[in-house]
Novice: 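Would you mind keeping the following structure in view while I ask a few things?
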Number of protein chains: 2
Amino acid sequence: MADTDHRPEHRYGNRPTMKDVAAKAGVGLKTVSRVVNGEPGVTADTERRVQEAIEVLGFRRNDSARVLRKGRTATVGLVLEDLADPFYGPLSRAVEEVARAHGALLINGSSAEDPDREQELALALCARRVDGLIVIPAGDDHRYLEPEIRAGVATVFVDRPAGRIDADAVLSDSFGGAREGTAHLIAHGHRRIGFIGDRPHIHTAAERLRGYRAAMEDAGLPVREEWVSPGPTGPERVDAAVRGMLTAPEPVTALFAGNNRVTVTVVRALAAQPRPIALVGFDDIELADLLGITVVAQDAAALGRTAAERLFRRLDGADGAPERVVLGTTLLARGSGEIAPPAA
Amino acid sequence: MADTDHRPEHRYGNRPTMKDVAAKAGVGLKTVSRVVNGEPGVTADTERRVQEAIEVLGFRRNDSARVLRKGRTATVGLVLEDLADPFYGPLSRAVEEVARAHGALLINGSSAEDPDREQELALALCARRVDGLIVIPAGDDHRYLEPEIRAGVATVFVDRPAGRIDADAVLSDSFGGAREGTAHLIAHGHRRIGFIGDRPHIHTAAERLRGYRAAMEDAGLPVREEWVSPGPTGPERVDAAVRGMLTAPEPVTALFAGNNRVTVTVVRALAAQPRPIALVGFDDIELADLLGITVVAQDAAALGRTAAERLFRRLDGADGAPERVVLGTTLLARGSGEIAPPAA
DNA sequence: ACGCGCTATGACAACGTTGTCCAGGTCCTA
DNA sequence: TAGGACCTGGACAACGTTGTCATAGCGCGT
């Protein structure tokens with residue numbers, strides 16, 4: 001019997017290692033490593049023998065060991081806010097394309113909008129020693145990432161800026177977009193416009209509200225507080241907000257919806273209304289063209305691409321102070337935003 | 001000067017290790033390990049000292065080394081077909097929830113519908129030593145996974161079955177759903193019904209076409225070949241197919257769309273038509289309720305959940321022959337499928 | 001025949017962690 | 001006070017890979 005067994009119980013179903021391949025091929029360990037990595041200095045004949053052994057044994061290199069030895073993982077992490085939100089599909093796809101072009105693998109996970117989960121996930125990725133991290137923040141305090149960043153994990157925030165630390169960020173122009181969208185409604189004759197947005201501690205939500213207020217102020221229009229409703233984006237709350245604004249003493253004749261989820265609910269709510277109410281939404285939505293919904297569109301793919309490119313520039317050694325990049329938005333007039341107010 | 005330096009050039013910006021923590025705290029290496037892993041056998045005082053040192057140094061355990069030593073990663077991989085397709089959002093989210101409930105991390109990547117990329121990605125995940133793999137196939141030959149499965153990587157296919165190997169799979173009832181959807185159109189009086197689907201080498205696409213044909217045959221209706229159009233799901237092809245079917249010698253009065261992408265394009269094309277054409281689509285779409293589109297809905301979240309649960313049962317040691325689970329679909333009548341044919 | 005340079009190959013340490021085993025200390029009981 | 005049980009802490013090997021270095025074999029010029 002064996003004297004002592006230092007091996008953990010369940011290994012990978014006993015996978016072959018380079019050592020096994022070397023034994024099978026009758027060569028040294030390092031020669032196998034050379035073949036596997038395509039390094040020069042191996043005769044064609046030796047290489048063939050090694051390849052054969054690899055084939056027969058079904059060997060695959062263990063990247064954990066490789067990472068441990070090399071110190072670089074060629075992997076970047078993406079922390080999403082919600083995998084199921086269609087807005088993030090094109091974004092993460094764009095990040096993946098850039099990563100791929102740089103020969104890196106993308107690992108992503110979602111925080112389900114929970115700051116604790118965001119932190120847990122980001123740190124788990126750091127423990128896996130990703131080379132870099134792209135984060136769509138759910139929380140607003142990212143000091144927990146400071147040791148990681150100091151230790152060399154390149155980090156770029158996207159869609160929303162980092163909270164309480166200084167870091168690269170790639171954002172859409174929420175303020176400008178909301179201002180333009182609101183001004184569009186004003187230009188079509190509306191004077192009483194409602195704003196329904198996300199919770200105000202979310203940076204983009206606050207910016208969009210600010211843009212709405214700015215447009216109203218630019219036009220010299222008053223904003224009654226019943227017309228402004230920030231809060232969770234669940235259907236109940238949004239429905240209630242719509243109802244409230246339409247039945248207020250001075251009811252609104254137009255609405256600005258602060259993001260795609262709000263827009264969807266508002267569209268459903270307005271469909272049940274007798275009078276047409278003008279609507280501009282932030283974020284584009286699939287089929288919005290068919291429904292004639294006017295939106296302020298962000299370019300989600302460009303956000304992802306820009307963030308990823310910045311990340312890889314950092315990984316390639318670019319230093320310098322963190323920068324904030326702001327991408328423009330596009331107003332897409334499709335009908336709902338061009339409805340005139342009822343004749344007073 | 002140092003005699004020889006065996007260290008790779010770029011390490012993780014010189015991250016602290018347990019050894020460093022141990023030195024700082026004035027304890028042994030293993031004691032730090034115990035604290036980090038919450039193992040018993042450490043006095044409160046020692047633990048405090050260690051925690052302090054961890055804090056000060058910004059230490060984070062290197063999971064690569066841990067994995068190497070332990071042989072299990074508590075990580076599962078998900079190979080998606082297209083990150084940007086909204087159908088996969090809820091699916092991957094469901095997988096993530098189950099993984100999380102089992103204390104595992106989810107890594108996912110997308111194949112962009114390219115079989116080579118699917119293989120590349122799946123094998124890269126295996127090299128990272130994921131414990132298990134959930135695959136939405138892009139290709140139709142998965143023999144490349146055989147060595148991995150033999151080596152103990154639990155593998156479950158979802159949405160489409162594996163090709164040329166025997167493996168667990170969780171599918172929607174494409175055949176039954178398409179048959180029901182088509183029968184629904186027949187029940188509303190249609191006799192000339194067109195089918196526009198994805199390329200026939202895709203299993204689900206073939207099954208849906210089969211379901212369509214079965215429904216027609218059940219009703220004793222002929223199927224003219226101009227009414228059947230499988231192929232790529234790009235807008236040009238689908239547009240052309242719609243036009244072709246509406247201008248054929250015997251034009252169709254209703255259409256069955258084989259997946260969400262096709263449905264979207266068909267809806268746009270039909271909006272430009274003078275006469276109303278009935279439509280049932282496979283897969284639900286956001287806002288389809290507002291547009292009144294009748295669909296055969298799959299439960300994407302249930303697919304993901306079921307697949308993930310099966311995977312973890314395998315990881316917990318369940319063995320036995322691979323099984324195929326088929327989930328039912330639901331017909332959601334919303335208007336477009338209930339349009340009667342024009343009076344002949 | 002000798003030494004030189006070159007190439008193909010292998011021996012060995014190290015990456016950071018965890019499992020095993022042992023040593024020393026403390027506390028209790030006989 | 002001796003002896004044992006128990007607790008705490010540390011030394012050491014091993015996980016699978018890669019970088020460094022040493023060596024053996026070869027051809028070639030003198």
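Everything quoted here is computed from the prediction, not taken from an experiment. Chain identifiers are assigned alphabetically (A, B, ...) following the order of the sequence lines, protein sequences preceding nucleic acid strands; residue numbering begins at 1 within each chain.
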Novice: Heavy atom of residues 19-33 of chain B under 4.0 Å from DNA chain C: which residues?
Specialist: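 Within residues 19-33 of chain B, the residues near DNA chain C are Leu29(B), Lys30(B), Ser33(B).
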Novice: Have Thr75(B) and Arg128(A) got a donor and an acceptor in their side chains that come within less than 3.5 Å?
Specialist: yes
Novice: Between Gln119(A) and His142(A), is the side-chain hydrogen bond (donor to acceptor under 3.5 Å, both in side chains) condition met? List the steps.
Specialist: CA-CA 8 Å; Gln119(A) 172 167 350; His142(A) 298 92; over 6 Å; no
Novice: Looking at dT18(D), I'd like to know if its phosphate oxygens (OP1 or OP2) sit under 4.0 Å from a side-chain N or O belonging to Asn37(A).
Specialist: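 Answer yes for this pair, as a side-chain N or O of Asn37(A) is under 4.0 Å from OP1 or OP2.
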Novice: Only pairs at least two apart or in different chains count here, so list each ring pair (Phe, Tyr, Trp, His ring centres under 6.0 Å) that has a residue in residues 50-77 of chain A.
Specialist: none
Novice: Ignoring hydrogens and angles, answer whether the base of dG16(C) and the side-chain atoms of Arg15(B) contain a donor-acceptor pair closer than 3.5 Å.
Specialist: no
Novice: Go through dG10(C), dA13(C), dT17(C) for me and flag the one nearest to the Phe59(B) side chain.
Specialist: dT17(C)
Novice: Which nucleotide in the set dG16(C), dG19(D), dG9(D) lies at the smallest distance from any side-chain heavy atom of Lys70(A)?
Specialist: dG19(D)
Novice: Would you please confirm or rule out a distance under 4.0 Å between OP1 or OP2 of dC15(D) and any side-chain N or O of Ser64(A)?
Specialist: no
Novice: Rounded to whole Å, how long is the line connecting atom CZ of Arg66(A) with atom P of dG16(C)?
Specialist: 17 Å
Novice: When you get a sec, tell me which of dT9(C), dG16(D), dT17(D) is the closest nucleotide to the side chain of Leu68(B)?
Specialist: dG16(D)
Novice: Which heavy atom of Ala169(A) sits nearest a heavy atom of Pro161(A), and at what distance?
Specialist: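 Looks like CB-CA, 4.2 Å.
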Novice: Does any part of the side chain of Phe157(B), heavy atoms only, come nearer than 4.5 Å to the side chain of Ile134(B), both counted from C-beta?
Specialist: no
Novice: Check the distance between dA8(C)'s C1' and Asp45(A)'s CG and give it to me in whole angstrom.
Specialist: 12 Å
Novice: Counting distance alone, no hydrogens or angles: does the base of dT17(D) have a donor or acceptor under 3.5 Å from a partner atom on the side chain of Arg69(A)?
Specialist: no
Novice: What is the distance, to the nearest angstrom, from the CZ atom on Arg60(A) to the P atom on dT17(D)?
Specialist: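 Roughly 12 Å, once rounded to whole Å.
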Novice: Rounding to a whole Å, what distance do you find between Glu39(A):CD and dA8(C):P?
Specialist: 13 Å
Novice: In whole angstroms, how far is the C1' atom of dC15(C) from the CE atom of Met18(B)?
Specialist: 14 Å
Novice: Answer yes or no: are there more than 12 heavy-atom neighbours, outside Glu55(B) itself, under 6.0 Å from its atom CD?
Specialist: no
Novice: What is the separation between atom CZ on Arg34(B) and atom P on dG19(C), rounded to the nearest whole Å?
Specialist: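 It is 11 Å, rounded to the nearest whole Å.
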Novice: Please report the distance, rounded to the nearest Å, between CD in Glu47(A) and P in dT9(C).
Specialist: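 For the pair Glu47(A) CD and dT9(C) P, the rounded distance is 10 Å.
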Novice: Atom CD1 of Ile54(A) and atom P of dG16(D): how far apart are they, to the nearest Å?
Specialist: 16 Å
Novice: Taking 4.0 Å as the cut-off, does a side-chain nitrogen or oxygen of Thr43(A) come that near to OP1 or OP2 on dT9(C)?
Specialist: yes
Novice: Between Ala65(A) and Val42(A), name the one whose nearest nucleotide on DNA chain C is closer to the 5' end.
Specialist: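 Mapping each residue to its closest nucleotide by heavy atoms, the 5'-most match is Val42(A).
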Novice: Do Glu323(A) and Arg313(A) pass the salt bridge (charged side-chain N to carboxylate O under 4.0 Å, His left out) test, and can you show the C-alpha distance, the side-chain angles, and the key distance before you say yes or no?
Specialist: CA-CA 12 Å; Glu323(A) 270 180 49; Arg313(A) 233 172 300 132; over 6 Å; no
Novice: Is any side-chain heavy atom of Leu145(B) closer than 4.5 Å to a side-chain heavy atom of Leu133(B)?
Specialist: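 Yes. Closest side-chain heavy atoms under 4.5 Å.
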Novice: Using C1' atoms of five pairs at each end, report the bend of the helix from dA1(C)-dT30(D) to dA30(C)-dT1(D) rounded to 10 degrees.
Specialist: 60°
Novice: Go through Thr73(B) and Asp131(B) one step at a time and tell me if the side-chain hydrogen bond (donor to acceptor under 3.5 Å, both in side chains) criterion holds.
Specialist: CA-CA 6 Å; Thr73(B) 58; Asp131(B) 294 336; 3.1 Å; yes
Novice: Below 30° counts as parallel, above 60° as perpendicular, anything between as tilted: where do the rings of His102(B) and Phe312(B) land?
Specialist: parallel
